[in-house]
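Comments concern the structure below.
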Protein chains: 2
Amino acid sequence: MGFDLEGADPLCIQLADELERRIRTGVYAPGRRIPSASDLCEEFSVSRQTSNSALKLLKERGLARGVSGRGTFVVDDVPEPS
Amino acid sequence: MGFDLEGADPLCIQLADELERRIRTGVYAPGRRIPSASDLCEEFSVSRQTSNSALKLLKERGLARGVSGRGTFVVDDVPEPS
DNA sequence: GCCCATTTGTACGTATGTATG
DNA sequence: GCATACATACGTACAAATGGG
């Protein structure tokens, strides 16, 4: 099934890294919707606050944008890794 | 009321010993939550740092495990005294 | 237009864990 | 040992936006 977050980094960072990996490997394609914060809670067994923080990090990295009431979407042009 | 810490050992050790006694006598049952560090501060009139150190000792003794944002819990299988 | 479920976004209180003086 | 501060995380709650019926 899912994925285990067990590293030393904060959970929200680990989760953001995993989501970034999925974007870069095409699991979440450009323009497509990322699972909702609530869905991520279940998959990764974290609180919604933590998935929220992870999604926020993705936006700060320029990888996703949130649309209130609809979801969080991968940007059309994924920037290179910094 | 509660309990007085007046022995020769460091406070955090005395507090850890008392908590271990409570675990072994079933006051804190396996899987149940131990009062928070802040609660222990009040009961034993020590600083949060000291209750923190005591809880850390409990974890090192394999008697408890901490869950960030939720509390410190007695392990399901309490090991024999060393 | 009006409910209702879903989702993002924000906020508050509590708790652990760590670091500094 | 104590006091304080900060980062992270959980639980809960609520507002606002969206879209289907």
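From a predicted model like this one, the values you see are computed outputs, not experimental measurements. Each chain gets a letter, A, B and so on, in the order its sequence line appears, and its residues count up from 1.
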(message) Return a single string for nucleotides 15-21 of chain C, one symbol per nucleotide in 5' to 3' order, where B is base contact, S is sugar-phosphate-only contact and - is none, cutoff 4.0 angstrom on heavy atoms.
(response) BBBBB--

(message) Using heavy-atom distances to pick each residue's nearest nucleotide on DNA chain D, tell me which of B/S47 and A/C12 is more 5'.
(response) B/S47

(message) I need the CZ-C1' distance between B/F73 and D/dC10, as an integer number of Å.
(response) 10 Å

(message) Could you see if B/V67 belongs to whatever hydrophobic cluster contains B/V75? Use Ile, Leu, Val, Met, Phe, Trp, Tyr and a side-chain cutoff under 4.5 Å.
(response) no

(message) To the closest 0.5 Å, what do you measure between CG (A/L57) and CD (A/E20)?
(response) 10.0 Å

(request) Indicate yes or no for a side-chain donor-acceptor contact from A/S51 to the backbone of A/S47 under 3.5 Å, with no hydrogens or angles considered. (result) yes

(message) According to a hydrophobic-cluster definition based on side-chain heavy atoms being under 4.5 Å apart (Ile, Leu, Val, Met, Phe, Trp, Tyr only), do B/L19 and B/V78 belong together?
(response) yes

(request) Flag the pair B/R65 and B/D76 as a salt bridge only when some basic side-chain nitrogen lies within less than 4.0 angstrom of an acidic carboxylate oxygen. (result) no

